[in-house]
Amino acid sequence: MKKILVPIMAMTMIATLGACGSKNTEAPEPESEMQKKVAQYAPFDLTTDMSILTDNEKDLIKIFLQISEVMDDLFWEQSFGTENRAKLDELTDPCMREFAEIQYGAWDRLDAENPFLPGYGAKPKGANFYPVDMTKEEFNALEDPEKTSQYTVLRRDEQGKLVVVPYHVAYATQLAKVDSLLGEAIAICQDEGLKKYLVARREAFRTDDYFASDMIWMDMKKSRLDFVVGPIENYEDALFGYKAAYEAFVLVKDEKWSNDLARFTKMLPELQKQLPCDPKYKKEVPGTDSDLNVYDVIYYAGDCNAGSKTIAINLPNDERVHLKKGTRRLQLKNAMNAKFQTIMLPIANLMICDDQIDNVKFDAFFSNVCYHEVAHGLGIKNTVTGQGPVRKALQNQYSAYEEAKADIAGLFIVQTLIEKGEITNITVEDAYVTFIAGILRSVRFGASEAHGVANMMCFNYFQDHGAFTRDANGKYVIDVEKTRAALEGWTAEVIAMEGNGDYDAAKAYAEKNGKVRQDLAADLKKIEEANIPVDIVYNQGADVLFK
Ligand SMILES: [Zn+2]
């Protein structure tokens with residue numbers, strides 16, 4: 001079925017992107033630069049199984065959506081300015097308008113923030129958090145301890161002097177709406193944990209002190225609904241990295257996946273013993289208290305919806321909370337499915353041989369992603385050579401090896417759980433083929449980051465050990481038995497590298513084996529020429545959810 005489905009889907013996508021904003025299937029292929037830019041983002045309906053939700057939960061969601069819309073407005077104000085946003089109505093090119101909506105402004109977030117709207121120069125580094133004409137010297141000279149707070153903006157008073165304004169004052173009008181909507185949500189909320197959190201969050205919006213509500217959120221483990229909302233990440237402030245940008249995720253927990261992850265995480269000590277590596281590297285006992293859960297997102301607003309879409313959440317950011325309670329990690333299943341369907345499958349369809357394309361499955365992809373997270377707990381944290389923690393011994397090489405460890409040990413966990421009969425919806429071959437297709441997706445834009453180097457070391461090891469070959473059409477044919485052997489060999493290699501803590505050896509190995517080789521570069525060119533989308537744009541909201 002998939003072989004037929006994929007080309008149809010790809011065609012539909014091209015048809016959709018032919019005419020911005022319209023679903024006209026007769027539209028021509030994209031021609032203008034703006035059409036091409038919009039076409040980089042594949043449309044995807046953001047939904048979940050609404051039938052499992054109670055009427056009360058659905059009523060709460062409707063309120064959360066309204067609050068999220070305010071977060072969206074606030075982010076527009078922070079990133080671009082509400083006045084500039086209003087001017088978008090004057091644009092005559094619907095594609096340009098649509099692209100500005102995706103970017104929340106005039107600058108292309110996937111293209112080094114280059115301006116694409118006429119009349120705009122370089123993006124102000126401080127976005128709209130600071131006056132555009134403010135210099136760093138002027139900021140440094142200002143005597144106000146609140147100027148570096150993540151919940152204040154800088155403005156000019158009537159004399160043109162810099163002043164610091166707290167968010168709850170600067171955004172009072174919008175936040176009054178949030179306050180009243182949260183009041184409505186609190187009044188009807190039936191889940192005790194969620195209610196407690198909403199009460200605390202409402203107070204946080206009033207005072208710009210989020211600590212108490214973050215602490216309560218850490219304890220909110222039973223509620224099926226979740227609502228991540230507020231000023232959270234600091235990336236939009238590229239000037240100093242101080243100011244937090246508003247965003248919201250409305251989330252519905254996937255109980256089945258979450259319970260499985262919790263159950264399998266409990267098996268980590270046993271899995272550690274089975275790791276295919278020298279016994280001297282697996283003497284540590286992995287922790288089993290990881291807080292990793294699976295959710296569907298039903299609404300993205302503000303910062304997290306701008307440009308590239310977040311597929312996992314690790315919050316809160318407040319280090320005082322980390323010390324007391326750690327963090328919660330949320331894997332966003334439908335968001336990953338969006339990327340799988342619109343990006344990964346078209347790549348696999350180009351690169352995986354016809355006999356194995358049906359082994360590329362979302363459940364295998366999602367298992368590999370989730371167990372990568374779990375597998376960070378496996379292996380070794382302290383060197384066996386007396387050099388202290390692996391992180392310190394391997395210095396700037398550590399991240400690449402740690403990611404490589406999590407990738408390969410994650411695949412090992414999936415394989416083991418399938419063979420134990422614990423995971424039943426995929427086969428070992430599905431896991432392997434999807435894993436290799438996943439590497440092609442990850443490195444399509446190069447392999448310079450730590451995880452890219454990790455991907456390349458694994459890919460090259462697999463290739464050198466015959467895990468895959470290319471058929472006459474240049475498509476990958478995965479050898480299951482040789483992949484199993486390569487998996488074991490590479491696991492042993494990476495864990496030994498971590499356990500030995502030999503910085504020079506690790507660096508030399510990564511420099512030699514962590515690069516894209518010529519034959520892969522040719523494959524990546526083929527992928528590039530196929531114009532496969534690079535990210536997602538969501539169709540979302542009440543219309544999509546409550547059809
Ligand atoms: Zn990782």
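Both counts, for ligands and for their atoms, begin at 1 and track the order of listing.
Ring centroid separation for the pair F362 and F340 comes in under the 6.0 Å cut-off.
A distance of 7.0 Å separates OG in S308 from OH in Y41, rounded to the nearest 0.5 Å.
Using cut-offs of 30° and 60° for the angle between ring planes, the F44 and Y538 rings count as perpendicular. Using a 30° and 60° split on the angle between ring planes, F240 and Y242 fall in the parallel class, below 30°.
Protein nitrogen, oxygen and sulfur atoms, that is N, O or S, within less than 2.8 Å of the Zn ion (ligand 1) amount to 3.
The existence of a salt bridge linking R224 and D191 is excluded, since no basic side-chain nitrogen approaches an acidic carboxylate oxygen closer than 4.0 Å.
For Y295, there are no ring pair (Phe, Tyr, Trp, His ring centres under 6.0 Å) partners at least two apart in sequence or on another chain.
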